Amino acid sequence: MEQYRTRPAQYGPRRDRPRPPLPPQVKRGAGGGPVRARGGPAGGGSAGGAPARATRPPGAQRRPAPVRRPAPAPAASAGRLPNPRLTGLGSGLFCAVVMFLLGAVCAALFGGSLTAYGVLFLPVCVLTALWVRPGDLMTAPVVVPIAFAAGLLPVAEGDGGNKLMGLLTALATQAGWLYGGTLVAGLIVIVRRVRLVRRRRTAAAAAGGRPAM
């Protein structure tokens, strides 16, 4: 009895039937298989298998935040007065040199006028008391009388041995200017000293956490 061989059923599409057209985003590869276009909606990858990077539209790009530059430091005003800090020795040298120069100017321009010399002595005393540093405040009232005597050398009358007598005479006749300049320097020093002590007490009270008296 003959046994008939049956062919297995073919579930795939027959070759004689035409295949349906592929969608536009699918292309044919070299081996005939479908290859997804790069960046297609079906989530296909690139030729190397890596996922395609989504391109961001130009309008949605994030702009870098602007860098704020620090504001330039304000320049010192041109009309600001100098505020040096002189030591005790420095204040003495400053006062003596300035008074000697002023004495020479008075002798050359004002005919050795002691009144003009005394008037110019007052602002020098003020500057000396203001520019001395806080640690040497008490030296200002001491150096201004010495500077007053040093500045009288070009103004005092006499030559040689008589120069000393002229210096003593000028000191005796111009004692009012001498005492006045010394008093002004002393008052400025006292005011600065009081303010310094009060500032130190306030700082100590703030550091200790108790109210200042």
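Note that the numbering runs from 1 along the sequence shown for the chain. Keep in mind it's a predicted model, so treat the numbers as computed, not measured.
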Original post:
Can you find a heavy atom in the side chain of L196 that is under 4.5 Å from one in the side chain of R199?
Top reply: yes
Subject >> Side-chain touch L178/P145, heavy atoms, less than 4.5 angstrom >> reply: yes
Subject >> R192: salt bridge (Lys or Arg N to Asp or Glu O under 4.0 Å) partners, not counting sequence neighbours >> reply: none
Subject >> Check: F94 and V143 side chains under 4.5 Å, non-hydrogen atoms >> reply: no
Subject >> Gap separating the SG atom of C106 from the CG atom of L101, nearest 0.5 angstrom >> reply: 11.0 Å
**OP:** Could you tell me which non-hydrogen atom of G180 sits nearest to which non-hydrogen atom of L122, and how far apart they are?
**Re:** C-CD2, 4.1 Å
**OP:** Consider only side-chain heavy atoms of I, L, V, M, F, W and Y, link residues closer than 4.5 Å, and tell whether L86 and L127 are in one cluster.
**Re:** yes
**OP:** Treating Ile, Leu, Val, Met, Phe, Trp and Tyr as nodes and any side-chain heavy-atom pair under 4.5 angstrom as an edge, say whether V119 and V184 lie in one connected cluster.
**Re:** yes
Original post:
Do you know which of V144, T128, V142, L137 makes side chain to side chain contact (heavy atoms under 4.5 Å, CB included) with S91?
Top reply: T128
**OP:** Any chance you could measure E157, atom CD, to N162, atom CG, to the nearest 0.5 Å?
**Re:** 10.5 Å
Original post:
Between K163 and L153, is there a donor-acceptor pair closer than 3.5 Å when you use the side chain of the first and the backbone of the second?
Top reply: yes
Original post:
With no hydrogens and no angle check, is any side-chain donor or acceptor of T139 less than 3.5 Å from a backbone partner on D136?
Top reply: yes
Original post:
Excluding sequence neighbours, so at least two apart, what forms ring-ring contact (aromatic ring centres under 6.0 Å, His included) with F148?
Top reply: Y117, F121
Original post:
Do you reckon V124 sits in the same ILVMFWY cluster as V105, going by side-chain contacts under 4.5 Å, direct or chained?
Top reply: no
Original post:
Is it true that atom CZ of R195 has more than 12 heavy atoms of other residues, nucleotides or ligands lying nearer than 6.0 Å?
Top reply: no
**OP:** Could you pull out the closest heavy-atom pair between A149 and L167, with the gap in Å?
**Re:** O-CD1, 3.7 Å
Original post:
Under 4.5 Å between any side-chain heavy atoms of R133 and T87, yes or no?
Top reply: yes
Original post:
What's the shortest heavy-atom distance between R85 and L130, and which atoms?
Top reply: NH1-O, 3.4 Å
Original post:
Between P154 and F100, is any pair of side-chain heavy atoms under 4.5 Å apart?
Top reply: yes
Original post:
With sequence neighbours left out, what residues match L114 under side-chain contact (heavy atoms from CB on, under 4.5 Å)?
Top reply: L152, V155, A170, T173, Q174
Subject >> Considering all heavy atoms, the nearest C125-A185 contact >> reply: O-CB, 4.1 Å
Original post:
How close do G186 and P141 get, heavy atom to heavy atom, and via which atoms?
Top reply: CA-CG, 3.9 Å
Subject >> Separation of L120 CG from W177 CH2 (nearest 0.5 Å) >> reply: 9.5 Å
